[in-house]
Amino acid sequence: MEKKQRDVEHILEIVVVVMLGLTALLTAWATWIGSLHGGQQATNYTVSNNLASEGNSEYNAGVQSMMQDMLLWNEVSDLQLDIFSAQDAGDDVAVEQYCYKLYFKLNDNLTDEMAAAIGWEFDDGSADLTELVLDWLEKDEALVTPFADESFADHYFVTANELIAESEATLEQGKQDNQNGDAFGLVTVIYGVVLFLLGINSSMKSKKNKIALIIIALVGFAIATVYMLTIPMPTGFTLASFFGG
């Protein structure tokens with residue numbers, strides 16, 4: 001009977017020692033992975049801020065470009081009115097002068113996007129400039145401001161919107177890294193409780209108390225381990241990358 005009791009105590013000691021080793025290893029693992037999540041969180045927040053800053057710069061540049069094109073269109077519209085007024089007055093000389101002004105205004109200052117929006121075709125100067133401008137004025141799109149088209153106005157901010165969207169996505173990833181890091185922190189706390197229970201086990205005199213502590217520790221160990229397995233690993237994480245793989 002006494003030998004049987006010693007065998008049981010020996011088995012309990014082995015269980016405690018094994019659990020202490022496993023729990024210590026997994027605690028170190030959870031702490032390390034949690035710190036990696038924390039590092040990725042900081043990196044993602046920094047990248048997000050940089051992208052947002054670039055996006056804002058691109059947005060400001062887009063606003064400036066749009067304002068310049070709006071001013072250009074106002075000048076073009078004024079020259080169009082001058083041409084129509086000269087035509088009504090039968091002043092062919094004035095028509096030719098205004099057409100020349102309008103031609104060089106368009107050919108030298110239009111962006112490709114705005115030229116396409118108003119139906120202007122760039123010319124190398126070989127054509128009859130007056131005829132070229134008058135033919136263009138007969139197009140419907142030549143007399144309608146391109147800024148009435150929402151898709152045209154949006155093209156100034158394509159790059160800015162892409163950068164801001166990327167910034168927001170990166171920020172969300174940073175938030176997720178923060179949550180994952182906190183989750184691994186909770187795992188280490190549970191493992192800490194398990195280590196505490198196993199540590200005081202040897203001080204217990206009653207075999208029942210020892211068994212009860214071991215069972216509670218096993219339950220805590222199982223809960224922490226299962227929970228840890230549900231937490232995503234850091235993005236791009238591989239053990240090989242830490243050993244030159």
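Along the sequence shown, residues carry numbers from 1. The structure presented is a predicted model; accordingly, all values stated were derived computationally and were not measured.
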A side-chain contact here means heavy atoms from C-beta on lying under 4.5 Å apart; do I33 and P234 qualify? yes
How are the rings of F152 and Y156 set to each other: parallel, tilted or perpendicular (split at 30° and 60°)? perpendicular
Spatial distance of atom CG (N49) from atom CG (L171) [nearest 0.5 Å]: 8.0 Å
Answer whether the closest heavy-atom distance between the side chains of L110 and I118 falls below 4.5 Å. yes
Hey, quick one: are L36 and L229 part of the same hydrophobic cluster, counting side-chain heavy atoms closer than 4.5 Å, chains of contacts allowed? no
With side-chain contact (heavy atoms from CB on, under 4.5 Å) as the test, would you mind laying out the steps for F157 and M66 before giving the verdict? CA-CA 9 Å; F157 309 105; M66 184 171 68; 4.0 Å; yes
Could you tell me the separation between the OH atom of Y191 and the CE atom of M19, rounded to the nearest 0.5 Å? 10.0 Å
I200, V193: one ILVMFWY side-chain cluster at the under-4.5 Å cut-off? yes
Compare every heavy atom of F122 with every heavy atom of D112, then report the nearest pair and how far apart it is. OD1-CE1, 3.7 Å
Do V189 and L198 share a hydrophobic cluster (ILVMFWY, side-chain heavy atoms under 4.5 Å, transitive)? no
Hphob cluster co-occupancy, L25 + M228, side-chain heavy atoms under 4.5 angstrom: no
Which heavy atom in G119 sits nearest to a heavy atom in W136, and how many Å separate them? O-CD1, 3.4 Å
Between CG on residue L71 and CD on residue Q68, distance to nearest 0.5 Å: 8.0 Å
Assess whether side chain to side chain donor-acceptor pair (under 3.5 Å) is satisfied between Q176 and N180, documenting all intermediate values. CA-CA 6 Å; Q176 186 60 52; N180 293 337; 3.1 Å; yes
Exactly one of L163, I164, T159 should register a side-chain contact (heavy atoms from CB on, under 4.5 Å) with E54. Which one does? L163
Within the 4.5 Å heavy-atom criterion, are L137 and F84 side-chain neighbours or not? yes
Working to the nearest 0.5 angstrom, can you tell me the gap between L51 CG and E162 CD? 11.5 Å
Is atom CG of D88 surrounded by more than 12 heavy atoms (other residues, nucleotides or ligands) closer than 6.0 Å? yes
Mind checking whether L218 and I14 sit in one hydrophobic cluster, side chains of I, L, V, M, F, W, Y counted as touching below 4.5 Å? yes
As a test of understanding, state which of L22, V16, V15 forms a side-chain contact (heavy atoms from CB on, under 4.5 Å) with V18. L22
Under the side-chain contact (heavy atoms from CB on, under 4.5 Å) rule, what do L134 and Q87 come out as? Steps first, then yes or no, please. CA-CA 11 Å; L134 292 178; Q87 284 178 324; 3.3 Å; yes
Main chain of G174, side chain of N178: is a donor-acceptor contact present, judged purely on distance under 3.5 Å? no
Roughly how far, to the nearest 0.5 Å, is the CG atom of N74 from the CG atom of D69? 11.0 Å
Non-hydrogen side-chain atoms of I190 and F221 separated by less than 4.5 Å: no
Would S48 and S167 count as a side chain to side chain donor-acceptor pair (under 3.5 Å) here? Give the steps. CA-CA 4 Å; S48 176; S167 170; 3.1 Å; yes
Just by distance, do the side chain of H37 and the backbone of P232 share a donor-acceptor pair under 3.5 Å? yes
Show the numbers, then the answer: is there a side-chain contact (heavy atoms from CB on, under 4.5 Å) between Y100 and T130? CA-CA 7 Å; Y100 267 69; T130 301; 3.8 Å; yes
So which atom in Q80 and which in A142 form the shortest heavy-atom distance, rounded to 0.1 Å? NE2-O, 2.7 Å
Does W32 offer a backbone N or O that forms a donor-acceptor pair with the side chain of S35 under 3.5 Å? yes
Nearest-0.5 Å distance, CG of residue L186 to CD1 of residue I223: 10.5 Å
Give a yes or no answer on whether the side chain of T225 reaches the backbone of A222 with a donor-acceptor pair at less than 3.5 Å. no
Okay, side chain of N107, backbone of D123: is any donor-acceptor separation there less than 3.5 Å? yes
Can you confirm whether V133 sits close enough to L106 that some side-chain heavy atom of one is under 4.5 Å from a side-chain heavy atom of the other? no
Heavy-atom nearest pair, W73 first then L143, reads CZ2-C, 4.4 Å
More than 12 heavy atoms of other groups within 6.0 Å of M70 CE: yes
Indicate yes or no: at least one non-hydrogen side-chain atom of L79 is less than 4.5 angstrom from one of Y103. no
How about E121: does its CD atom have over 12 heavy atoms from other parts shown lying under 6.0 Å from it? no
Ignoring hydrogens and angles, tell me if any N or O in the side chain of S85 forms a donor-acceptor pair with the backbone of L81 under 3.5 Å. yes
Decide side-chain contact (heavy atoms from CB on, under 4.5 Å) for E150 and D154; before the verdict, give the C-alpha distance in whole Å, the side-chain angles of both, and the deciding distance to 0.1 Å. CA-CA 6 Å; E150 185 176 348; D154 288 342; 3.7 Å; yes
I want to check something: taking the side chain as every heavy atom from C-beta on, are T27 and V194 in contact at a cut-off of under 4.5 Å? no
Looking only at atom types and distance, does a side-chain atom of Q173 sit under 3.5 Å from a main-chain N or O of E168, one as donor and one as acceptor? no
Take atom OH of Y45 as the centre, draw a 6.0 Å sphere, and report whether it contains more than 12 heavy atoms from other residues, nucleotides or ligands. yes
Does some side-chain heavy atom of M114 sit less than 4.5 Å from a side-chain heavy atom of F147? yes
